[in-house]
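Reminder, nothing fancy here: chain letters follow the sequence lines and each chain counts from 1. Because only heavy atoms are used, hydrogens play no part in the values below, and waters and symmetry mates are left out as well, while side chains stay in. Quick caveat, the model's predicted, so the values are computed rather than measured.
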Number of protein chains: 2
Amino acid sequence: MTSRLEQTCVEKGLKLTGQRKVIAKVLSEAADHPDVNQVYQRAATLDPKISIATVYRTVRLFEEYGILQKHEFAVGGSHGRARYEEADTDHHDHLIDIETGEVYEFLDEPLEKLKTAIAARMGFELVDHRLELYVRRKKNKV
Amino acid sequence: MTSRLEQTCVEKGLKLTGQRKVIAKVLSEAADHPDVNQVYQRAATLDPKISIATVYRTVRLFEEYGILQKHEFAVGGSHGRARYEEADTDHHDHLIDIETGEVYEFLDEPLEKLKTAIAARMGFELVDHRLELYVRRKKNKV
DNA sequence: TTATGTGCAAAGCGTTTGCGACCCT
DNA sequence: AGGGTCGCAAACGCTTTGCACATAA
């Protein structure tokens, strides 16, 4: 009934409007990393009167509350639409198949340690980081 | 006289207009990672009649020819303007001071190896990648 | 009830493009 | 001479916002 994200909203003390519930549901159920337009279209099947402005406002709100994570993957040299995913407790990086646009998640501990170490070595503390691997499926033979 | 980038343009067989020479010069001399507007303003001091449309067209052209590298750093959760730098022969990653917006370059071999290894492990070949560390200058004491 | 959220349409911002004039080779 | 390039302004795609109405708490 109440989606995982809706639950998070309650915990954070957000007012729960019908639209927000719908958007929370859509994103709770998303296995991919949908952009605003996709969220809008999926939400529209549950509430045909929802407006895209509300979707923009809501994902932004959720992001500010740390409920969602925003990504700006570069698909063809250019960033196109922002994409969203539930802000997971565990950090992970992204691997993007440039031919299909599919996004895979991965976590590599040595890599994480290295990032912090590099920042420290240069006299900084790591606040955030972004690692995206743009890849192509390996061919067996050429 | 002829800037480094202008030289590269000649080698790649690009037609060298006055505007392109100016933009090549500006970017050859840039120690930072200027955005289009900054390139435009610097170019305008050398050629007051240059238009921003030409700057857009030119950086795009240069990028397509592998002469420039485009970056879309996320400064405040959002990507704002694209920034450019000379496409260096040697690859490097970026470290962005979120308080000043300054960009530093670094290269870490173990990190590079790791990126390729991760992609391979997941059955892909690495085509491109992007690693950005968003950092804050370390305080000596709080 | 009342502060907050919504829908609509218009505006904003970075970037691209159609077009006629202009310039490099 | 002639095809590529330029400047201008209009158009574009994504995102935000002003305003009047609706709604959760």
Where does the angle between the aromatic ring planes of B/F73 and B/H71 fall among parallel (under 30°), tilted (30 to 60°) and perpendicular (over 60°)? parallel
Looking only at the aromatic ring of each residue, does the gap between the centers of A/Y104 and B/F124 stay below 6.0 angstrom? yes
Whole-Å gap separating P (D/dT23) and NZ (A/K49): 11 Å
From the set D/dG7, D/dA24, C/dC24, return the single nucleotide nearest to any side-chain atom of B/I50. D/dG7
Given atom CD of B/E72 and atom C1' of C/dT15, what is their separation to the nearest angstrom? 11 Å
Do the side-chain N or O atoms of B/R60 get closer than 4.0 angstrom to the phosphate oxygens (OP1, OP2) of C/dT17? yes
Roughly, in whole Å, what's the span from CZ in B/R20 to C1' in C/dT25? 13 Å
Are OP1 or OP2 of D/dT23 and a side-chain N or O of A/Q19 less than 4.0 angstrom apart? no
Please determine, for the side chain of B/R81, which listed nucleotide (C/dG14, D/dG7, D/dT16) has the closest atom? C/dG14
Look at the side chain of A/A82 and decide which nucleotide, out of D/dT16, D/dT15, C/dT6, has an atom nearest to it. D/dT15
5' precedence on DNA chain D between B/A53 and B/K15 (nearest-nucleotide basis): B/K15
Does the pair B/E63/B/R60 count as a salt bridge with the N-to-O cut at 4.0 Å? no
Nearest to the side chain of A/S51 - C/dG7, D/dC8, D/dG3? C/dG7
What I want to check is whether the side chains of B/Q69 and B/H92 have a donor and an acceptor closer together than 3.5 Å. no
Rounded to whole angstroms, how far apart are CG on B/N37 and P on C/dT15? 9 Å
Starting at atom CD of B/E64, determine the distance to atom P of D/dG4, rounded to an integer number of angstrom. 15 Å
Among the nucleotides D/dC14, C/dT17, C/dT16, which one has an atom lying closest to any side-chain atom of B/R57? C/dT17
D/dC6 phosphate, OP1 or OP2, under 4.0 Å from B/T17 side-chain N/O: yes
Rounded to the nearest angstrom, tell me the gap between atom CD in A/E63 and atom P in D/dT15. 11 Å
Nearest whole Å is fine: how far is D/dG13 P from A/D35 CG? 15 Å
Among A/V127, A/L131, A/L126, which one satisfies side-chain contact (heavy atoms from CB on, under 4.5 Å) with B/L133? A/L126
Need one value for A/L16: base, sugar-phosphate or nothing, where a base atom within 4.0 Å counts as base even if backbone is also close, heavy atoms only. sugar-phosphate
Interatomic distance where CG belongs to A/L61 and C1' belongs to C/dT4 [whole Å]: 11 Å
At under 4.0 Å, does any side-chain N or O of B/Y56 touch on OP1 or OP2 of C/dT15? yes
